[in-house]
Each structure stands twice: as C-alpha cells, then as structure tokens.
Amino acid sequence: AKTHSGSQIQRNDKCAEWTLLFCLFGLFALSAYDNFSVGGLLPSLQQYFQTTDSAAAAIKTCNAVAHGIALAVMWLYGDFVPKRAVFFSSILIWIILSFASLLVKFNHFWIFVTLRALASLPEEVFRLMVSVIQSETFKGSMLAHSIMANIIGEKIAFKSYNLILVSQSFGQFFALSFSF
C-alpha cells in the first residue's frame, strides 16, 4: 500500500479549500449579479412586456417577498435538512427557473414575474447555504478569505451591473443625439 506524507495531504487539502472558495465565490457573485441586473433592466423589461411602472415594480416586490419566505423557511427548518442536497438542488432549480424566465414571450408578463419570484426562493437558499458551508468548512484565515470573497463578489457584480446601465445610458444618449 502506498502512503502519503503529511505535507502532501495538507497540500491537497489546501488546494481543495481554495477550489471550494473560488467555486462558492463564483456562485455568490453570479447570484448577486442576477439580483442587480433584474433591477437595472427594469426599464428594458417594462418596454419589452409593455407594462406600467407599477407592474414592472411587481418584479422586485415579488422577488423581495420570495427572499423573505426563503429566509424564514431556512431559519425554521435549516437545521433539519441535508445541507449538500439542499445546496445543489437549490442551484439547479435556480438555474432552470432563471433560464425559463428568459424564454417568456412579451405577452406573458405575469408568468415572467412568477418565474423570477420562484427563482428567488432557491437563490436565497443557496446564498444562505454558501455562508453555512463556509463557516463549517473553513477555519481561521481561510474563513476570513471566504467571507471577503463574498463581499468582493457582490462588489464585482454591482460594478458590472453599473457598467451595463452606463452603456445603456450612453447608447440611448447617442441614439437621441444622432436622431436630430
């Protein structure tokens, strides 16, 4: 039987920790971007679905309610569910519902709102599970790195979202200025 030295095992554990940290960072940043982008694209969504301001605001309102429900459910039942299964199934459900919402036709606004709200439930669950996984997996400086990665991921998502808004604004500005 082949044995491994202690330093080899520690090096593999460190590599696995950093891999997990980057995967969790990516998921956290992607979900933050999803939240920011829907809010930033409300005028475009409103134009596509030909809705009023109050109907467009229903998207953010339903998402906020869904996030609150997910928080309450996880607070009450989070200790009684298998974490790994909940984490991976919530990611899968979030991806499926998010992509399904992209396929909605312009005359089915409330289906879009419903799909986005339903996608917010598992999104909030896996965002919560990221923090739980980090606190159970990482210790010491790795825990600090992982928490910092969450913050950086949200900042990157917010900055990317701002770039989209700025580019849309410039596009509208130049379209208006060249139309005269």
Item to check | Nonpolar side-chain network containing Ile156, other nodes, edges under 4.5 Å | outcome: Phe25, Met148, Ile152
Checklist entry - Is Val132 isolated, or which residues cluster with it under the ILVMFWY side-chain rule of less than 4.5 Å, directly or via members? => result none
Item to check | Pairwise side-chain contact, Met74 with Met129, heavy-atom cut-off 4.5 Å (strictly under) | outcome: yes
Checklist entry - Taking only residues at least two apart or on different chains, which pairs with a member in residues 129-143 satisfy side chain to side chain donor-acceptor pair (under 3.5 Å)? => result Gln134-Asn150
Item to check | Hphob cluster co-occupancy, Phe126 + Ile93, side-chain heavy atoms under 4.5 angstrom | outcome: no
Checklist entry - Taking everything shown except Phe106 itself, do over 12 heavy atoms lie less than 6.0 Å from its CZ? => result no
With sequence neighbours excluded, residues passing side-chain hydrogen bond (donor to acceptor under 3.5 Å, both in side chains) with [X]:
{"X": "Ser54", "result": "Thr52"}
{"X": "Asp53", "result": "Gln46"}
{"X": "Ser31", "result": "Arg127"}

Checklist entry - Applying ring-ring contact (aromatic ring centres under 6.0 Å, His included), which residue pairs with at least one partner in residues 52-88 are found, sequence neighbours left out? => result none
Just to verify, what does [X] make a ring pair (Phe, Tyr, Trp, His ring centres under 6.0 Å) with, not counting sequence neighbours?
{"X": "Phe138", "result": "none"}
{"X": "His108", "result": "none"}
{"X": "Phe158", "result": "Phe36, Tyr161"}

Checklist entry - For Lys159, what residues pass the salt bridge (charged side-chain N to carboxylate O under 4.0 Å, His left out) criterion, not counting sequence neighbours? => result none
Under 3.5 Å, side-chain donor or acceptor atoms of residues 94-103 against the rest of the protein: list the pairs with distances, not counting sequence neighbours.
from	atom 1	to	atom 2	distance (Å)
Trp94	NE1	Asp34	OD2	3.4
Trp94	NE1	Ser98	OG	3.4
Ser98	OG	Trp94	O	2.9
Ser101	OG	Ser98	O	2.6

